[in-house]
Amino acid sequence: MSQVTSAETTNMGKAPSNLGQVGVIMKYTFLDYFRSRRFFILLVIALVISAILTGVIGYYRPASLMASSLGFYAGWWGMSATFVVALSGIFFGGDAISGEFQNKTGYFTLPNPVRRSSVYVGKWLASFIASTAILTIFTAITLANGLFYFGANVPYQFGESVLFAWFYLAAVLGFTFFFSSLFKSGSYSILVTAILFLFAFNLVQSLVSSLAQIEPWFLLSYGSQIIGNILTVPYPAHTAITSFGPEGRGPSFTTFNVGIPEGLMIMAVYFVVTAVLGLILFEKKEFN
Amino acid sequence: MTTRQPFIENYLPSLECQVLQDNVHSIEAVNLSKVYGSFTALSNLNLKIEGAKCVGFLGPNGAGKTTTLKMLTDLIRPSSGKALIDGINVHTHKRQALNSVGSVIETPEIYPSLTPREALGMIAELRGVKHSEKKRRIEEVVEEVRMSEWIDKRVGKFSKGMKQRICVASALLHDPSVIILDEPTTGLDPRGMSEVKDIVKSLKNKNRLIFMSSHILSEVADICDEVAIIDHGKLLVYDTLPKVTAKFSGGETVLEVGFSRPLSDGILRSTIPAISGVTSTERRDEMNVILRYNGTVTAQENILKELVKLDGGLISYRPATSALEEVYLNLISDSR
Ligand SMILES: Nc1ncnc2c1ncn2[C@@H]1O[C@H](COP(=O)(O)OP(=O)(O)O)[C@@H](O)[C@H]1O
Ligand SMILES: [Mg+2]
């Protein structure tokens, strides 16, 4: 009896595992990135940055970059990699969660038997993979230029730096997702994350370290400096004291350089803390 | 052997319970409340609907309908109390509770860059619709909401009503046994309204429990078997449609009577009220009269005969659609 009735009335299937649903969300988030041209716009920006660097370096051949292959990678990659990562964070993470509220797309997805954490993780993974693709393309162009000027002699520090940039990407996306679940307006959260990553972090960092003379160990941007520092040989000293005035008796000035374990730790803590907080926020958030 | 006997005895009732759970579906609110700051959007709702039927959730704008339905689908959390579907707490066990539920709450948006086929594909995959059935099923539900020619166009270009239809399709995708709809016809043009009404009616034929909010009385009277009326976050009544109408109109039935010629005051005030069963008359305009009577269809038949005998040019004679309306308006004004 129950067989007959349930066959004509109930489900055509049972909801897949949480992991399966994470995969579904990931797949359709990708589809949305491609369709909405979000991915291509960021790709074009990364290509434009690459083209400008290629053109300027090819034309002016600045001495500091041409002296050694390490100097070349430090000059090219050390300056631009964090910028490309920050842009990825803003593009893919800025409105990831807040957009579900502002655009009301959450009303379509969430009243289904799916955990909010699965939606969060699925969207995060999609943004991480899409950003990784952009970063990989940017790395390939950097390498191509390096190979052109210095041949196959690629310093191993560049490999480490790429790896650090990838860790930084995880931390940045963790942070932008957390921020986007703080807000209910997508445009607002994009704006705030853009300001944070393009200006605010650096500004606070200079204020804290230069004026207050405190090591800014609590700032993600400080941790991210290992990406550039690793390309400086020898690795810069943790603190450097510069003194002014005759015979160095005037005011002295300390600059801080983050060490590798410290930098990795800062990124890891940022990633873990923001991922946990972001998930909790999204779980608690109400659609109203 | 001695330990087996109690085992079987214990096992049987739970088996029966299992069978029951498979067939009888329920939506239940237990002391359900939602408070925003000092404002109570829903106050201590206790409501259990079960079986295979369509229940209308009726109330004016701001009554607390959407608030209730959002708690039944875990879009918001209860301030206190519980929302249960098939006896399972929606907030604490969302995946199990919503497995057999299809819903459209407020007006959802779909990723504008996707097509209905893709958006419904996402829901089908989240729901675990079998891969072999996915394509056919998506086309079937899109056909059901009359959107077939748009199935591969991007949602971003759709009107509000078209998106609403796709949302209804998404709620039907996995052939749910419990359906929750929040004012499903708002935002649709008149043809769309009647099409969606027809879809809901056709869903009733199968063994399903449908809970549908609305502020449109005729819609509820037309589609639903039972009605729950809510205002200011409080449940005013929950019963079958005929009982609600009878209970609150004092057993009277309201008729609308139309004449082809203006009706004289004499006929209105004395002749018609003299017909047995008639309790009151009221002029609607020159040629239309609202008439109330007590009694069965036999009384109604007799009244019609007498009205024809008046030779006043009787041309129409029908139960007022306002029977429910009257109850509704009375209840709502009492609760203010
Ligand atoms: N987030 C919110 N904050 C404050 N008040 C709210 C919120 N959401 C809904 N309300 C109020 O709760 C009441 C019930 O709303 P709702 O359930 O949407 O009514 P309706 O019956 O029209 O669907 C309304 O007065 C509404 O203004
Ligand atoms: Mg509403």
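Predicted, not measured: the structure shown is a model, and the values here were computed from it. We name chains A, B, ... by the order of the sequence lines, and we start the count at 1 in each one.
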Least distance between heavy atoms, A/Y28 atom then B/E118 atom
CE2-O, 3.2 Å
Side-chain contact, heavy-atom cut-off 4.5 Å: B/R127 with A/P113?
yes
Is any side-chain heavy atom of A/I25 less than 4.5 Å from a side-chain heavy atom of B/L126?
yes
A/K284 versus B/R77: any side-chain heavy-atom pair under 4.5 Å?
yes
Would you indicate whether the side-chain heavy atoms of B/I105 and A/F287 approach each other to under 4.5 Å?
no
Where on A/K27 is there a heavy atom nearer than 4.5 Å to chain B: the side chain, the backbone, both, or neither?
side chain
Who are the side chain to side chain donor-acceptor pair (under 3.5 Å) partners of B/H91, not counting sequence neighbours?
B/D74
Mind checking whether B/K70 and A/E286 have side chains closer than 4.5 Å, heavy atoms only?
no
Go through the atoms of A/S17 and report whether side chain, backbone, both or neither lie under 4.5 Å from a heavy atom of chain B.
backbone
Atom group of B/I123 that falls short of 4.5 Å from chain A, counting heavy atoms:
side chain
Given side chains that start at C-beta, do those of B/M122 and A/N112 come closer than 4.5 Å, heavy atoms only?
no
Counting only non-hydrogen atoms closer than 4.5 Å, can you tell me which residues of residues 30-40 of chain A sit against chain B?
A/L31, A/D32, A/R35, A/S36
Indicate the atoms forming the closest heavy-atom contact of B/P108 with A/F108, along with that distance.
CB-N, 3.8 Å
For A/T105 and B/I110, the nearest pair of non-hydrogen atoms, with its separation, is CG2-C, 4.0 Å
Measuring heavy-atom distances to chain B, does A/Q102 have an atom under 4.5 Å in its side chain, in its backbone, in both, or in neither?
neither
